[in-house]
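One structure is given below, encoded as structure tokens.
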Amino acid sequence: PETPYQLQESPTNGDGAPTEGFQDEPNNTTSDDDDDDPMSVTELLYSSSSYHAIAKPVTLTMILSALTVIYVNDDQTLEQGAEALSDAYTVWKTDNSQGTATNLGLSLLNALVMVSVICAMTFVIVALYRFRCMKCLIGYLIFSSSMLLGLLGGNLWQTAIEIYRWPVDKPTFFLALWNFALVGVMAVFYGQGIPTYVSQAYLVCTSVILAWELAHFDAWTAWTLLIMLALYDLCAVLTPCGPLKALVEAMSEEEAPEMPGLLYEAELPPEARRPGVPKAQRPQQRPPRSDVAESDSPAAEEEDDNFSRESSGIGADRSTVPSVNPGQEQTEDNNSVPAAEEGPVVELPLAIARVYNLPIVTDTTTTTTTSDSNTIVDNAAPLLDTPSQDNPTPEQLRGMVKVRLPANGGRIIRQPRGRLYLERDRFGTPKRSLWVDRQGRVFAELIEDNNGDTDSKIGDSNNRIRLGLGDFIFYSVLVAKAAQYSFATFCACVLVILAGLGGTLVLLSVFHQALPALPISIFLGVSFYLLTRTILEPWMEQVLMQPYYV
């Protein structure tokens with residue numbers, strides 16, 4: 001099913017990501033732009049940059065789909081494809097011998113049935129995700145993608161070979177098809193070690209293949225299906241009971257697992273900053289080390305040095321951060337610290353608390369540093385109530401504990417998705433991303449700008465916009481059906497779809513939430529297709545036949 005626009009806010013491994021709406025990161029800073037303006041400069045820059053990044057692949061996909069439908073088809077294949085799709089997906093048959101009202105009613109009923117099946121399958125996906133049946137879900141996605149690239153892609157290439165009579169033997173054909181499908185699945189769902197442009201190329205190929213297949217629907221079914229899908233997308237994303245909205249909320253929960261999906265990710269330029277997260281002011285003098293835990297102990301200084309030495313820039317290999325030496329620890333009473341100087345209490349994994357030597361806060365107003373477990377009180381952290389306190393288990397290291405951050409030090413902020421944490425120094429500048437693996441080890445990635453310095457935003461390489469592949473597909477189906485009629489309708493539909501895409505991106509930057517990508521573009525495309533076919537083209541033909549002199 002189609003997915004709403006999304007903003008990538010945390011690092012991904014390139015294997016696709018779950019559908020997630022636009023989420024604002026909580027912050028206490030305000031933008032330099034005037035909030036009273038209908039649209040700030042930041043929002044305008046973000047919208048234009050997002051449009052420039054996503055319009056190119058969308059345009060390329062639509063043009064390739066239209067060319068494929070026109071040139072990899074003949075009258076016989078079109079008739080056979082329409083009959084096959086009608087037998088497989090429709091309940092009531094439409095016929096040109098029937099009246100217009102009858103064909104319209106039957107096509108609407110067929111489209112309603114297909115959209116209902118899509119909606120039911122989306123609810124099944126939401127249920128599988130909520131109950132953490134990730135192996136079943138990921139397996140289904142991989143199987144579907146492999147069948148699409150292998151079977152439907154093979155059908156497309158076989159049709160091209162038969163039409164243009166290319167000399168290809170069967171072993172070569174099946175070997176090439178096998179490699180094409182296998183590499184495509186790895187590029188879309190695995191991604192590690194595969195260039196980004198390869199994954200993007202396979203996503204475009206997937207859209208073109210499926211658009212070529214769906215374009216075999218008869219005109220009545222195709223156009224009514226597009227309208228019904230746009231209405232479904234509107235309801236599924238914006239209504240409280242919508243399945244896509246439920247999926248967005250499920251993946252916004254804490255400890256939500258990553259779910260790969262068919263999403264096209266486009267990089268945004270560094271100056272395109274998400275509205276609501278302005279660039280923090282760079283301090284005149286950078287602190288010499290991390291100030292999240294201001295401690296004079298050698299362990300804390302050594303640990304921060306380990307971060308600086310072993311961490312690398314975004315996209316580099318992730319290095320393991322060793323835990324601090326458990327031989328140093330102290331216990332202090334909260335009453336000895338003035339209330340005005342106490343730092344905030346946050347929940348962090350025990351592994352991160354041990355790395356930064358942060359004191360654990362108990363319910364009995366006692367704080368215990370995590371560098372030595374021998375002095376931890378019994379009720380301080382239930383996760384540590386085991387005989388072997390010096391060597392916590394991975395489950396204990398991943399468990400959440402309440403810790404107190406220094407009053408004038410830095411902060412560790414949990415990101416909206418997954419187990420990713422952002423470390424900020426005392427000036428509010430992001431320094432590194434932290435996460436804990438299944439073995440309880442802490443990993444870190446430095447956040448650097450183009451000059452190699454720590455940047456003040458959450459990673460330029462993570463500033464991405466993502467569009468569901470279903471939107472690519474149905475844009476392409478609309479353009480392909482328009483191209484089957486005339487070149488004028490093709491051009492009109494391409495232009496208005498891009499205009500609707502830009503309008504949706506403007507609304508995205510203004511409302512800061514997940515928005516459906518289909519309705520505006522589809523409604524504009526269908527409207528201008530009818531307008532061009534019934535009014536504009538006849539007028540152009542009349543002008544060409546009887547020229548007017550001015």
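The shown structure was predicted, so the numbers you read here are calculated from the model rather than taken from an experiment. For the numbers below, each heavy atom of this structure counts, side chains included, while hydrogens, waters and symmetry mates do not.
- Inspection of the Y475 and T59 side chains reveals no N or O donor paired with an N or O acceptor under 3.5 Å.
- The side-chain tip of R132 points at the ring of Y129 from less than 6.0 angstrom away and within 45° of straight on.
- Within 6.0 Å of atom CD in E79, 12 or fewer heavy atoms from other residues, nucleotides or ligands are found, so the atom counts as exposed in its surroundings.
- Between the side chain of N110 and the main chain of V91, a donor-acceptor pair closer than 3.5 Å is present.
- Looking at residues two or more places apart in sequence or on another chain, you find a side-chain contact (heavy atoms from CB on, under 4.5 Å) between Q200 and T196, Y264.
- Within 6.0 Å of CZ in F523 there are more than 12 heavy atoms belonging to other residues, nucleotides or ligands.
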Under 3.5 Å, side-chain donor or acceptor atoms of residues 494-501 against the rest of the protein: list the pairs with distances, not counting sequence neighbours.
none

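- Distance check, rounded to the nearest 0.5 Å: CD1 of I70 to CG of L67 gives 8.5 Å.
- Atom CD1 of residue I138 and atom CG of residue L128 lie 11.0 Å apart, to the nearest 0.5 angstrom.
- Annotation for Y197: atom OH does not count as buried by contact number, only 12 or fewer foreign heavy atoms lying within 6.0 Å.
- Between Y202 and F180, the ring-plane angle classifies as tilted under the 30° and 60° cut-offs.
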Listing, residues 477-487 side-chain donor-acceptor contacts under 3.5 Å, not counting sequence neighbours, or none:
from: K481; atom 1: NZ; to: A215; atom 2: O; distance (Å): 3.3
from: K481; atom 1: NZ; to: F217; atom 2: O; distance (Å): 2.9
from: K481; atom 1: NZ; to: Q484; atom 2: OE1; distance (Å): 3.1
from: S486; atom 1: OG; to: T489; atom 2: N; distance (Å): 3.3
from: S486; atom 1: OG; to: T489; atom 2: OG1; distance (Å): 3.1
from: S486; atom 1: OG; to: E537; atom 2: OE2; distance (Å): 2.4

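- N73 places a side-chain N or O within 3.5 Å of a backbone atom of V69 that can act as its donor or acceptor partner.
- Surrounding CZ of F490 are more than 12 heavy atoms belonging to other residues, nucleotides or ligands, all under 6.0 Å away.
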